[in-house]
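Let me begin by presenting the structure, written as structure tokens, before commenting on it.
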Amino acid sequence: MKLIQKPIVIVGAGFAGMTVALNLKNLNPSLPILVVDSESNFVFKPLMYEVLSEEIRVWEATPKFANVFSDVGITFVKNCLTKLSLKENILEFSDELRLSYQYLVICTGSIPNSLQIKGVDENCYFFNDFNDLKKLNSFLKKSQKTASHKKLFIVGAGPSGIELACKIQDMFKDQFEINLIEKSNEILNKNKFFNREQAESALEKRKINVFLNSSVQEVSETKVIINSEDGITSFDKDIVIWTAGVKPNLFYLESDDITKKNGRILVNKNLQIKNHHNCFAIGDISIVAGMENLPITAQVAMQEGNHLAKNLELLIQGKDPLPFEFQDNGEMISLGIGEASISGLGVTLSGKLAFEARRLIYASKLPDITESFKSASSWIFQKKSFFKKFFNNR
Ligand SMILES: Cc1cc2nc3c(=O)[nH]c(=O)nc-3n(C[C@H](O)[C@H](O)[C@H](O)COP(=O)(O)OP(=O)(O)OC[C@H]3O[C@@H](n4cnc5c(N)ncnc54)[C@H](O)[C@@H]3O)c2cc1C
């Protein structure tokens, strides 16, 4: 076996980073692994809607990195990467820490993309991380105490927009008049047909207004201006939530260093960065050559993390890495309190059963689950026996 001199450094411990770290440690317990993240807690983003609606508690969806990693002997440091020079093999962090590496994995996820539309950054709420969730929650709670039928706009009828619209309607009933604004001619236009149909009836049942073929031109403090087939219309608004897209979080990159595609780091099928084959980019920040249409999801991030763990172990053993292959395991969306829709691997399921199955499947997807994670997810495991048959088929 070949020895490595420096730790394997993983920056970003979301779905991709967490998976590669835990799986690599499992494959080779003697490897020194250093994980760095700017936050103290992992955020299980697909369950942020349930945290908002208080169907699950904050700690259940946001376990502490320190607990998860110390359980398995991985070193965790809380710090923010501010500069990366691949030419010099140097990482710089916000408190002047500098690190060198033999192998580097970067996976710093996405941030909202306001598409340079006037007023969006200043006047919209977002729903991409835990701080966004807290800000939105605080606005919604405060609004509860004042007049009803407040005008709430959600921009983007992808999964995030739809899931938020249904949850907020179920939580606050007539407190808000909810309007969903979508640029294309249908909701969930990149998703499975079954889920789209279920989402359409969930929106209809909740009397959520859907504006298709409509794009936001500007958001001010009091108005949202929308361009549609009827022309340009200015609406009064109380709140606009922006879910119309994300972009890779790569502010720390030196611009001329790395080849990109659609703003994301282009990696080869072994998940290596061009000209820097000891460096890997996975999850939302990267695009795999020849697999440009893969969705930007936790499912992809985790499969890449799992594959990269195997490739790193091969490289350390002096063997050739293997090309990544994606397996589509289907998709799940929540549709209001206690309801969801699932489509994939020949199974379609909707309503309350789908809601319970979705939570259970998320627990099963947790990367080589540790004891602390298991207890944090106890609410899911309690239901495991009931769903065993379905669960085993996924
Ligand atoms: C509300 C919501 C719901 C979603 N629902 C689903 C779903 O149902 N199914 C699905 O498959 N996908 C879903 N997604 C998408 C999914 O969450 C992402 O695709 C996934 O998180 C990407 O994994 P990642 O590891 O690339 O990034 P992330 O999981 O976002 O992790 C990035 C990590 O990097 C850290 N970081 C960022 N910058 C720095 C820095 N400079 N220095 C150090 N650390 C840094 C962050 O703190 C974070 O921990 C959802 C996303 C959102 C926002």
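Note that ligands are numbered from 1 as they come in the structure, with each ligand's atoms numbered from 1 the same way. Numbers for residues simply follow the sequence, beginning at 1. Both backbone and side-chain heavy atoms feed into the values below; hydrogens, waters and symmetry mates do not. Since this is a predicted model, take the numbers as computed values, not measurements.
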Before signing off on this row, confirm whether [X] and ligand 1 have an N or O atom pair separated by under 3.5 Å.
| X | result |
| --- | --- |
| Asp284 | yes |
| Glu39 | no |
| Tyr49 | no |
| Ser110 | no |
| Met48 | no |
| Ser160 | no |
| Ala298 | yes |
| Glu163 | no |

Is [X] touching ligand 1 with its side chain, its backbone, both, or neither, if touching means heavy atoms under 4.0 Å apart?
| X | value |
| --- | --- |
| Phe251 | side chain |
| Val43 | neither |
| Ala16 | both |

Give every donor-acceptor pair under 3.5 Å between a side-chain atom in residues 265-274 and any protein atom, sequence neighbours left out.
residue, atom, partner, partner atom, Å
Asn268, OD1, Asn270, N, 2.9
Asn268, OD1, Leu271, N, 3.1
Asn268, OD1, Gln272, N, 3.0
Asn268, ND2, Gln272, OE1, 3.2
Asn270, ND2, Gln272, OE1, 3.3
Gln272, NE2, His277, O, 3.0

Provide the number and element of each atom of ligand 1 under 4.0 Å from a heavy atom of [X].
| X | result |
| --- | --- |
| Asn249 | 37 (C), 38 (N) |
| Gln299 | 11 (O) |
| Gly283 | 26 (O) |
| Phe127 | 1 (C), 53 (C) |

Heavy-atom distance under 4.5 Å between the side chains of Phe355 and Ile337, does that happen here?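 With C-beta onward as the side chain, the pair stays apart.
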Please state which protein non-hydrogen atom is closest to [atom] and give its distance, to 0.1 Å?
| atom | result |
| --- | --- |
| atom 23 (O) of ligand 1 | Ala301 CB, 3.5 Å |
| atom 30 (O) of ligand 1 | Lys45 NZ, 2.9 Å |
| atom 42 (N) of ligand 1 | Leu81 N, 2.9 Å |
| atom 8 (O) of ligand 1 | Tyr362 OH, 2.8 Å |
| atom 49 (O) of ligand 1 | Asp37 OD2, 2.6 Å |

Any idea which heavy atoms bring Tyr49 and Ser334 closest together, and the distance?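 Smallest interatomic distance, heavy atoms only, reads CD1-OG, 4.1 Å.
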